[in-house]
Amino acid sequence: MANIPQKLESMMKRQGYRFVGKHSAVKLCNYTTSSLKGGTTCYKNQFYGIRSWRCLQSAPTLGCDLACRFCWRIIPEEVGINWNELNMNEWDDPKEMVDGLIDAQRALLTGYKGNEKVDKKRLEEANDPAHVTFSLTGEPLFYPKMNELIEEFHKRKMSTFLVTNGTLPEALKRLKTLPTQLYVSVQAPNKEVYEKVTRPKIPHAWENFLEFLDVFSKLSGTRKVFRLTLIKGLNMVDAKGYAELIKRGNPDYVEVKGFVFVGGARNPSRGLGYEMMPKKDDIMGFAEDIAKESGYIFTDYHKPSNVALLSKNEEAASKRIIRFEK
């Protein structure tokens, strides 16, 4: 039983989440189900070579210390639940979590066995996942055994993609076993815009973020990525400011992505609207501005996700496809 209030658990189950142990969850990604039927694959397939139908979308923890306005997920405070009520003080064993997450993914895939549109070979492969993303909901670095969790997935020849909001520099310092690819969400070019976009639940979030980038910049042994989720009229400003953060964090790649007006982002309290979704020309133009200011080079564009990829240099661009073992 997940260690979260019943109201929130019920809402998330209706949205397709399946809980594992006290604090983990899995949900089938739309690109996983689409690729099973021979349809669109995700941008990570195009940019980095992962196989979307073999990807496990997971959350090691359910709590988050930000309330980003563009987030498509349920923000607990919007349904009358304080994030501190998620009781993040009892932690499951990493091996049991891995077993549980894979079993939950297989259970979710069971319903596709009778679907005539599904590629049977891909469905068989999907039941033996090759990639895991720690990106479904919550801030994964709250989980204190992340080193052991990544190690356990790597033992099973699975690549790991960890997405963090960058508010926990001390947790990053403790991360000795690095994922295949480490993302940090870069939500604004300066403190004023950052606080408007992320609505922090903790003090000094921006200062923590800058410290996080300093630690991030020195890491080796993982591919480092900045992810920008841009909203017209809110944080799609100051390309030079974003470029300064890129120089500070020194990522291998920068993903410049348009926000989508779906799910939780449609909550009236967020103050967003359909017209604030950037179009392809908006994203491409802003990505070019960032490239000029940062020295990074335009490398690719994924139309379904409306995301452009910038690479640090020609070498990074040529090596972006990961060679997977499984």
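Source: prediction; values computed, not measured.
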field: Rounded distance (nearest 0.5 Å) linking atom NZ of K22 with atom CG of L62
entry: 13.0 Å
query: In Å and rounded to the nearest 0.5 Å, what is the OG1 to NZ distance from T167 to K201?
result: 10.5 Å
- prompt: With distance as the sole test, does N165 use its side chain to make a donor-acceptor pair with the main-chain N or O of S185 at under 3.5 Å?
  reply: no
query: Between atom CG of L149 and atom OG of S24, what is the distance when rounded to the nearest 0.5 Å?
result: 7.5 Å
message: Donor-acceptor check, side chain of S52 to backbone of C42, threshold 3.5 angstrom: yes or no?
response: yes
- prompt: Has K224 got its NZ or CZ under 6.0 Å from the middle of the six-membered ring of F216, at an angle within 45 degrees of the ring axis?
  reply: yes
Polar side-chain atom of H302 near backbone of L309 as donor-acceptor pair, under 3.5 Å: no
query: Cationic tip of K312 within the cone over Y296's six-membered ring, i.e. under 6.0 Å and within 45° of the normal?
result: no
query: So, R223 and D252, do they make that salt bridge, N to O below 4.0 Å?
result: no
field: Salt bridge present between K120 and E124 (N-O < 4.0 angstrom)
entry: no
- prompt: In terms of side-chain geometry, is the basic nitrogen of K95 or E152 positioned less than 4.0 Å from the acidic oxygen of its partner?
  reply: no
task: Over all heavy atoms of both residues, which pair between D300 and Q46 is shortest? Give the atoms and the distance, please.
output: OD1-NE2, 3.0 Å
- prompt: Are any of the side-chain heavy atoms of P200 and D65 separated by less than 4.5 Å?
  reply: no
- prompt: So, for K257 and I283, which heavy atoms are closest and what is the spacing to 0.1 Å?
  reply: C-CD1, 3.7 Å
query: Do N235 side-chain atoms and I231 backbone N/O form a donor-acceptor pair below 3.5 Å?
result: yes
- prompt: Counting only N and O atoms by type, is there a donor-acceptor contact under 3.5 Å from the side chain of D238 to the main-chain atoms of P189?
  reply: no
message: Check this for me, if you would: do D289 and K240 make a salt bridge, where the nitrogen-to-carboxylate-oxygen distance has to be below 4.0 angstrom?
response: no
task: Answer yes or no: is there a donor N or O on one side and an acceptor on the other, between the side chain of E244 and the main chain of E293, under 3.5 Å?
output: no
query: Is it true that D128 and R54 make a salt bridge, defined as a side-chain N closer than 4.0 Å to a carboxylate O?
result: yes
- request: Give a yes or no on whether the backbone of W53 and the side-chain of T32 come within a donor-acceptor separation of less than 3.5 Å.
  value: no
query: For G166, does its backbone N or O pair with a side-chain atom of T164 as donor and acceptor, under 3.5 Å?
result: yes
task: Please work out which of the three classes, parallel, tilted or perpendicular, describes the rings of F261 and F259, given edges at 30° and 60°.
output: perpendicular
- prompt: Is atom NZ of K247 surrounded by more than 12 heavy atoms (other residues, nucleotides or ligands) closer than 6.0 Å?
  reply: yes
statement: Rounded to the nearest 0.5 Å, the CG atom of N190 sits from the NZ atom of K196 at a distance of 9.0 Å
message: If the threshold is 4.0 Å, N to carboxylate O, is there a salt bridge linking E315 and K319?
response: yes
task: Measure from the ring center of H23 to the ring center of F142 and say whether it is less than 6.0 Å.
output: no
task: May I ask you to decide whether D214 forms a salt bridge with K173, counting only side-chain N to carboxylate O separations under 4.0 Å?
output: no
- prompt: Does a salt bridge link K155 with E151, judged by any charged N lying under 4.0 Å from a carboxylate O?
  reply: no
message: Closer than 3.5 angstrom, by distance alone: can the side chain of R270 be matched with the main-chain N or O of G264 as a donor-acceptor pair?
response: yes
message: Quick check with a 6.0 Å cut-off and a 45 degree axis cone: is R320 positioned over the face of Y48's six-membered ring?
response: no
field: Stepwise ring pair (Phe, Tyr, Trp, His ring centres under 6.0 Å) test for F226 and Y253
entry: CA-CA 6 Å; F226 273 17; Y253 305 99; over 10 Å; no
message: Under 4.0 Å between a side-chain nitrogen and a carboxylate oxygen: does that hold for E78 and R199?
response: yes
message: Using the ring centroid of each side chain, check whether F153 and F134 are separated by less than 6.0 Å.
response: yes
message: With a sphere of 6.0 Å drawn around CG of N30, does it hold more than 12 non-hydrogen atoms of other residues, nucleotides or ligands?
response: no
query: How long is the gap from CG on N127 to CG on L108, to the nearest 0.5 Å?
result: 10.5 Å
query: Counting distance only, does the side-chain N/O of R18 pair as donor-acceptor with the main-chain N or O of A104 below 3.5 Å?
result: no
